[in-house]
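To start, the structure itself, in structure tokens.
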Amino acid sequence: MKDIKSVVAKKLEKSIEQLSWTDIMDNLEYPPNPEMGDLALPCFKLSRVLRKSPIAIADLLVNSLDIDIVEKCESKGGYLNIFIKREYMVNNILKNMVIGKEEFGKSNENAGKTVCIDYSAPNIAKPFHIGHLRSTVIGHSIRRLHEFRGYKCVGINHLGDWGTQFGKLIVAYKSWSSKELIEEKGTEELVRIYVKFHSEAEKDPSLNDQARKWFSRLEKKDEEAVELWKWFKDISLLDIEKTYKMLDISFDSYAGESFYNDKMEPVIEELKHKNLLVNSDGAMIVNLEEYNMPPCLILKSDGSSLYATRDIAAAMYRKKTYDFDKCIYVTATAQDLHFKQWFKVVELMGYKWAKDLKHVGFGMVSMGGAKLATREGNIIYLDDLFSEAAKRVLDIINEKNPDMEDKEQKALDIGVGAIVFSDLSNNRIKDIDFSWEDALNFDGSTGPYVQYTYARACSVLRKSGLIEDDINMDNIEPSHMTNDEEFALLKTLSLFNEKIDQALKDLEPSCISRYLIDVCMAFNKFYNSHTILNAEDNKKFRILLTAAVKYVLGNGLYIIGLKRTERV
RNA sequence: GUGCCAGUAGCUCAGCUGGAUAGAGCAACGGACUUCUAAUCCGUAGGUCGGGGGUUCGAAUCCCUUCUGGCACGCCA
């Protein structure tokens, strides 16, 4: 539909001297219902420029669109309603999809550009819980959106693998655990002793001192401390990898907090040289009063570094290593100010690329109105959530299709899909109050609905006997499109590219999730009102339409990170 | 206290660079499986777009104000 808009705008540009092509592109819109055509130009804004009434302008333009793709135009209440020839819709839009297949929606318009995407970033030695899921799935989808449009993507998992908690873990390990236990139970055991540490430390505060000492040994690269730290990290990474595998997610870099330990000193030196650092109550800060922000803390009064210091060091490292055109950070909106501050510091350091740093925020996850907190036990582990979802899906499969092959894997794919989809279906800025009921709802606008519809389209295609190579436009006539359901479906499908543009511009995966629901509704409506395989005159046309649905849904599912379920 | 974000149907949300009668899903009620997968589809019902001003030919959308909720505001990340 993008192309159609463009052609129409080009023609209209010639009819209205005062307007440029982009003005017209911005103003062209999709009418709310089919009787009003396929495209519309509201003429109200033009009225002042042209000194004519909107109705007169629309009347005037009615005859100016004498191009071959336009069927007719109507002037209605100040709108120019444009009807596109169905022939063009079939021959071009359907054709693009049928020929494009898995490539439909992709482009290389950003070839040669690199984008770094920092997402997921779980804390090592703690299990993955529902609070970590958002960054992971939003980041992953943003990555795929960029890949679709030709960017080279570097997925970075900035692991939380450094901090005083490792001192605590070492003490806890030495007091209450063993090599065997940790090797056997992995993260679960690490969590057990971490929680135990906190309860014991309330009775015996000297444990905290011991922990501090161990962390300080770790910072001084004490051999035993480093070895234990590495071991904890490896153990916990193994578990985290399992989760990523279920989600079909991988990273290009796991350079986490510890990676930047030796890269902050030069940054501090540079800040000093550039006269940006100011002493304030013993701490070193960058003053941002001029920019209406509180100061950015760089060094604590004891001389140790802070979050912002590490982020600046990491950004500089990434610029040097990847020479990114954009560097995206997917974290909670609660960190808005933090990012604004250190982005500004990078700018003040004189780096032009500060403008290429982007923070993509998302809303908070709570449960029963309360914050998620490991210590209060107000937490849901992702593993538990996934297995519960898979179990419920399996129950449904056993009820509806007990003979299905590979049931467990499919149940997992759909269960996980349901959870990921629900996380990606609202605008990312929205807070989420987690409930089992909502997360495991499989009716309506859900992941299973999309995956089911995808499988339904696949099933029809399988039964059609048409193999991939036969999918072409031979013997297709525009007259084969005979009813409103087919046309409505084709129009919905044609919006895919614009939805990707929008999602990429707003860094908003929900744009795609919601669009997929639209496609499913249009297809299911069509499917329920017309036969495909028993069609008289336009069987092939309907099969191709179904193929187009498969490609658009398949590519969309890929972008939001759900499995393409060929059979369910 | 200051700043940022949110407030749309009973519930969860779209729509927000101003445009045609404010749309979905869930829940409720009534229909459709001898037919390509009924995890589907069709229909009914449900709204002073938090309140109040303003700008405009036109406001859920922009501006001001006010209420409610969340988050953030120096040595955590």
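Per chain, numbering begins at 1; letters A, B, ... match sequence-line order. Bear in mind the structure is a predicted one, so any value in this text is a computation, not a measurement.
As a whole-Å value, the separation of A/K563 NZ from B/rA39 P is 22 Å. When rounded to the nearest whole Å, the span between CZ of A/F523 and C1' of B/rU37 equals 11 Å. As a whole-Å value, the separation of A/M521 CE from B/rC41 P is 8 Å. We find that CG of A/L545 is positioned 14 Å from C1' of B/rC36, with the value rounded to whole Å. The distance between atom CG of A/N426 and atom P of B/rC26, rounded to the nearest whole Å, is 15 Å.
Atom P of B/rG51 sits at a distance of 13 Å from the matching atom of B/rG7, rounded to the whole Å. Comparing the same atom, C1', in B/rA9 and in B/rU48 gives a spacing of 13 Å after rounding to whole Å. With both ends at atom P, the span from B/rC42 to B/rA27 equals 15 Å, rounded to whole Å. Annotation: B/rG23 and B/rC67 have their P atoms spaced 33 Å apart (nearest Å).
At the phosphate of B/rU12, neither OP1 nor OP2 sits under 4.0 Å from any side-chain N or O atom of A/N441. An OP1 or OP2 oxygen of B/rC36 is reached within less than 4.0 angstrom by no side-chain nitrogen or oxygen of A/K463. For B/rC36, the OP1/OP2 oxygens have no side-chain nitrogen or oxygen of A/K539 closer than 4.0 Å.
Within the 4.0 angstrom heavy-atom criterion, no nucleotide atom of any strand lies near A/N287. Residue contacts for A/A455: at a heavy-atom cut-off of 4.0 Å it reaches a base atom on one of the strands shown.
Remark: A/Y452 engages no residue in a ring pair (Phe, Tyr, Trp, His ring centres under 6.0 Å) (not counting sequence neighbours).
Closest approach to the A/Y527 side chain among B/rA20, B/rU37, B/rA39 is made by B/rU37 (side chain taken as heavy atoms from C-beta onward). For A/N524, counting side-chain heavy atoms from C-beta on, the closest listed nucleotide (B/rU40, B/rC36, B/rA39) is B/rU40. The nucleotide whose nearest atom lies closest to any side-chain atom of A/Y449 is, among B/rU40, B/rU35, B/rU37, B/rU40. Listed nucleotides: B/rA39, B/rA24, B/rA14. Nearest to the side chain of A/R514: B/rA14.
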Footprint string (nucleotides 68-77 of chain B, 5' to 3'): B base within contact, S backbone only, - free, heavy atoms under 4.0 Å: --SSSSBBSB

Which letter, B, S or -, goes with each nucleotide of nucleotides 1-9 of chain B from 5' to 3', with contact meaning a protein heavy atom under 4.0 Å? ----SSS--

Nucleotide-resolved protein contact map, nucleotides 29-34 of chain B, B/S/- at heavy-atom distance under 4.0 Å: ------

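Classification of B/rC29 as anti follows from a glycosidic angle more than 90° from 0.
For the segment residues 32-40 of chain A, residues with any heavy atom less than 4.0 angstrom from an atom of RNA chain B are, sorted by number, A/P32, A/N33, A/M36, A/A40.
A distance below 6.0 Å separates the ring centres of A/Y260 and A/Y317.
Side-chain contact annotation: A/H338 with A/D311, donor-acceptor N/O pair under 3.5 Å present. Side-chain N/O atoms of A/E498 and A/Y515 include no donor and acceptor closer than 3.5 Å. In this model, a donor atom of one side chain and an acceptor atom of the other lie less than 3.5 Å apart for A/E486 and A/N538. A donor-acceptor contact closer than 3.5 angstrom links the side chains of A/N261 and A/R310.
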List, one per line, each side-chain donor-acceptor pair under 3.5 Å for residues 517-526 of chain A, sequence neighbours excluded.
residue: A/N524; atom: OD1; partner: A/R456; partner atom: NH1; Å: 2.7
residue: A/N524; atom: ND2; partner: A/Y449; partner atom: OH; Å: 3.2
residue: A/N524; atom: ND2; partner: A/T453; partner atom: OG1; Å: 3.3
residue: A/N524; atom: ND2; partner: A/C520; partner atom: O; Å: 3.2

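Pairing partner, B/rU35: none, since no Watson-Crick or wobble contact has both distances short of 3.5 Å.
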Just do the side chain to side chain donor-acceptor pair (under 3.5 Å) check on A/D336 and A/T333 with the steps written out, would you? CA-CA 5 Å; A/D336 278 352; A/T333 55; 5.0 Å; no

